[in-house]
There are 2 protein chains.
Amino acid sequence: VEANPLYRLMNPRSIAFFGASNSIMTIGTPFLLNIIKGGYRGKVFPVHPAEKTVLGLPAYRDVFSLPELPDLAFLVVSRKTVLDVLEACGKKGIRLAIIVTAGYGETGSEEGMYSQAALDELTMKYGIRYLGPNCMGIINTAIGLNTTWFPYTHAPGHIGFISQSGSYVTQALPYFARTGTGLSKAVSIGNQANIDMIDCLEYFGDDPDTRAVAIYAEEIKRPRAFLEKAKDITPAKPVVVMYVGGTGAGARAAASHTSAMAGHDGIHAGMFRQAGVLRAMSFPDMFDACLALAEQPLPKGNRLSILTNSGGPAITMADACNRCGLELPLFDLHTRERIKKIIPPVASPNNPVDVTLNYDPDLIFSKLPDIIMDLPYIDGMLLYGIFGPVHLRNKINLAGDLVEIPIDMISHAMEKACTRLVSACRRFKKPILCACFCGREDDETVKQIEDGGIPVYPTPERAVKAMAVLYRYSVIKARHGGITYEYN
Amino acid sequence: VEANPLYRLMNPRSIAFFGASNSIMTIGTPFLLNIIKGGYRGKVFPVHPAEKTVLGLPAYRDVFSLPELPDLAFLVVSRKTVLDVLEACGKKGIRLAIIVTAGYGETGSEEGMYSQAALDELTMKYGIRYLGPNCMGIINTAIGLNTTWFPYTHAPGHIGFISQSGSYVTQALPYFARTGTGLSKAVSIGNQANIDMIDCLEYFGDDPDTRAVAIYAEEIKRPRAFLEKAKDITPAKPVVVMYVGGTGAGARAAASHTSAMAGHDGIHAGMFRQAGVLRAMSFPDMFDACLALAEQPLPKGNRLSILTNSGGPAITMADACNRCGLELPLFDLHTRERIKKIIPPVASPNNPVDVTLNYDPDLIFSKLPDIIMDLPYIDGMLLYGIFGPVHLRNKINLAGDLVEIPIDMISHAMEKACTRLVSACRRFKKPILCACFCGREDDETVKQIEDGGIPVYPTPERAVKAMAVLYRYSVIKARHGGITYEYN
């Protein structure tokens, strides 16, 4: 692994930064701000021709004045100075670079192509491996290193993200935080002039912090290498790709973004299938799938159960299950009787189990999951119906002193029951996925369940789609590993 | 219209409430709390056998003690007392009721069926029209009346929602607020024992506050009547349905929820098509579509433009457009030259127009939309790339006193440019839909654009899907109205 340049690039002990100043209007400044304020504990050396300090750090006139040899050079300078800076870095002995600067191959212009070729020539001369140009850099949540524009605010997770778009590793960070989607690492690959998608795939395949790999792709540059590398990885680690270069408009747009030579959708779909790579048709689909794949055990078959306190969303789930190839077996008579005994009289004991409006968290988070998850003909559970404290707090806000609401008592019961829910997927080695219209920012219970490793999706359909991907990956894994499961 | 019982039911001058107390554990209490704290200015009379006041309002021993004849009775009492309460209401002269109480036809039991038949008999005797049983009541945002469990916190909008699920008009309210989805009115129809979906459809067809109708359906109870009524409405007002009873699992689950006799998916799909009803395959899809339909003009064709400051999301949009049957014409040479003059040199002047990282809100919100929206071969615009003040505030939080950020100046420029964007759809009579990973809660600019009537979707794909529905509805409308458009 250490031969892969990404190992050191993702874990630099020190960074020389070119292109920040003490003004926010300098394009490099927000990048440096994010690096020094994101929790990174390595050394950062701003290089600036005039300033004594940059953002509070001692600044250096040029790369030769640096007190030590940095592992990595980070460049957000104008295109005409990139070569000079790189040449100096090469002479100093720096062997890794991230080049944010744009205006290369992606412009389609002769000048851009020429500039990119000049980059290649120079870096080859000094043996420099580099990311970009026209990229946003990297995120490594394990060491708090985030070179992009937006802060990474969620806890470290287990999804490795390879993105041909810088926007998706910056502007999407608030989305990840809101949906409880934890990244291990992310790489914005830009024009892939040197380090490319395959290098990243290899790196993530070996990275112990990464349990699922997400790829946003406008083109697959070296298809044969991609196929071989993906084939190696997918039997052990799921790879989900969102490929947008397959339509006429997608391909044309991609060409002017990262000079991507995009190709026929059907051919790519076939390649992904052959490589055991899962395909997502939208950004939320990709991360919904990766979150489930990274956090939950795989189902052994396609037979699901649904548990709820809300009819409509559960029926939506049931309908969506059938559309995705998931089955909802009827419960056996004995189980129905057991369930009937503990649910309200108007409630439905069948699959879906609908306890209707009910205040007892023990029932829906503990007693019923313990019965359902234990059934030999049930491979996993979908749960819609989290009423956390937000639900009560809403009412307290409305109620004022008109009526008393025992929120502490209820919150405590909720918390206890949820602990039991969270342990159920481990105890039964079967996946649980939840859905709730409230998010983790609104509701402690949602947060507790998510932090316990059970994804909580914002709508019923998204939980079902993610479950369908878990099932599809279990089939891929079985095929590659020679293991066969019995279905139904 | 006044013959339709929903007219008075949605606009009661006074409500007799049965089933609340001064304890939050009484199931009716949260409903009453929501009614009296939601802004409703009509009279509310709690009826309670023992209490002198309920939630601060004078309480009445029985319906005969009420100081006047209420327009509407609201019942959340136990099933065994429903008939007694209704009988008294009938004698008093009340002719409208909402029955929340469950345990009727939806249970599938003989007892449930019998109870529902008894309800029919009694209400027929007194000429009472009623909603339910097994429902959550209504929301009328124009008069601040919300009988459900959750508060309605967003501004009134123009979507009328008919729901066979009570959960979707309660638990989804925070979702509506978060996504800037404004309702005019909502009806939870429950078992539809008396007032049914067709009555609601008729009512919304005539309701001037409602510009688009959303229907969550587990069954279509009177298919011929539905078809006829929908055919009347859809040439003038769009109707979007989410039907979940068409699969085996969906139908079975629906049967135990609202005793729905669900039916074959393909037959229903055909009926919806014949009626000019648009079909959504998920809850977010339905409301994404309704929001666009309610707020934006229709495109005259399928030729779109994309404007962005972020490559990846714009390419995602381009790819999604082609998959949805939308085209992205190349701009003419003259237009490309005009655009080139005002965008940065590395930016792309074609369709998509990608200005790349750029701080000038005037460019993306005003100058470019004014050029693009005016093109005769462009029917509408998709915009990804809102960097509102949140983006800067993030940086200010990070920066502390390390670097100065002129947030007031930038916010002001942003606000001014956005006003121009918001007026563009009116000036050019073409739709604009936006996407941004930040929501209205995070960002004033998103809020400003949404409050100006331009939906801002949380991901690029959702904006495209909503645009595709606008186009599909324009085709339906043209077909029904005998107007023909030229495409491409």
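Order of the sequence lines fixes the chain letters, A, B, ..., with proteins taken first and strands second; residue numbering starts at 1 for each chain.
- A side-chain N or O of A:Tyr168 and one of B:Thr316 form a donor-acceptor pair less than 3.5 Å apart.
- Here the closest heavy-atom approach between residue B:Met281 and residue A:Glu461 is recorded as O-CG, 4.4 Å.
- At a 4.5 Å heavy-atom cutoff, the contact between B:Ser23 and chain A is made by backbone atoms alone.
- Interface remark: B:Arg178 contributes side-chain atoms only to the contact with chain A (heavy atom separation under 4.5 Å).
- The distance from atom CD of B:Gln171 to atom SG of A:Cys436, rounded to the nearest 0.5 Å, is 7.0 Å.
- Ranked by heavy-atom pairs shorter than 4.5 Å toward chain B, the options A:Pro30, A:Gly56, A:Pro174 are led by A:Pro30.
- The contact between A:Thr459 and chain B is made entirely by side chain atoms (from C-beta outward), counting heavy-atom distances below 4.5 Å.
- Residue B:Glu404 touches chain A through its backbone alone, counting heavy-atom pairs closer than 4.5 Å.
- Interface check for chain B: of the options A:Pro284, A:Gly166, A:Ser163, the most heavy-atom pairs under 4.5 Å are formed by A:Pro284.
- Across every non-hydrogen atom of A:Leu328 and B:Ala249, the tightest pair is CD1-CB, 3.6 Å.
- Looking at A:Asp401, there are no atoms closer than 4.5 Å to chain B (heavy atoms on both sides), in backbone or side chain.
- The candidate from B:Leu55, B:Leu326, B:Asn34 with the greatest count of non-hydrogen atom pairs under 4.5 Å with chain A is B:Leu55.
- Shown are A:Asn22, A:Thr26, A:Leu33; of these, the side-chain contact (heavy atoms from CB on, under 4.5 Å) with B:Val403 is made only by A:Leu33.
- If you measure heavy-atom distances from A:Thr153 to chain B, you find no contacts under 4.5 Å at all.
- Counting heavy-atom pairs closer than 4.5 Å to chain A, the top residue among B:Pro344, B:Gly112, B:Ala102, B:Pro151 is B:Pro151.
- For the residue pair A:Ala318 and B:Thr247, the shortest heavy atom distance occurs at O-OG1, 4.4 Å.
- When all heavy atoms of B:Arg252 and A:Asn351 are compared, the closest pair comes out as NH2-O, 2.6 Å.
- Chain B forms the most heavy-atom pairs under 4.5 Å with one residue out of A:Pro352, A:Ser109, A:Pro313, A:Gly439, and that residue is A:Pro313.
- Only the side chain of A:Asp442 comes within contact range of chain B, with heavy atoms under 4.5 Å apart.
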Inset, instruction - Start with the C-alpha distance between B:Arg323 and A:Asp265, add both sets of side-chain angles, then the distance that settles side chain to side chain contact (heavy atoms under 4.5 Å, CB included), and finish with yes or no. - result: CA-CA 11 Å; B:Arg323 290 180 197 281; A:Asp265 205 68; 2.7 Å; yes

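- Looking at A:Pro460, only its side chain comes within 4.5 Å of chain B, counting heavy atoms on both sides.
- The shortest side-chain heavy-atom distance between B:Thr170 and A:Ser310 does not fall under the 4.5 Å cut-off.
- Partner B:Phe283 forms a ring-ring contact (aromatic ring centres under 6.0 Å, His included) with one of A:Tyr457, A:Phe437, A:Tyr384 and no other, that one being A:Phe437.
- The two residues B:Asp319 and A:Gly246 make their nearest non-hydrogen contact at OD1-N, 4.0 Å.
- In this structure, no portion of A:Ala314 lies under 4.5 Å from any heavy atom of chain B.
- Closest heavy-atom contact between A:Ser167 and B:Gly312: OG-N, 4.4 Å.
- A side-chain contact (heavy atoms from CB on, under 4.5 Å) with A:Leu402 is found for one member of B:Thr29, B:Val54, B:Leu32, B:Ile36 and no other, namely B:Ile36.
- With a threshold of 4.5 angstrom between heavy atoms, A:Met242 approaches chain B through side-chain atoms but not through N, CA, C or O.
- Chosen from B:Gly38, B:Ala172, B:Ala347, the residue pairing most often with chain A at heavy-atom distances under 4.5 Å is B:Ala172.
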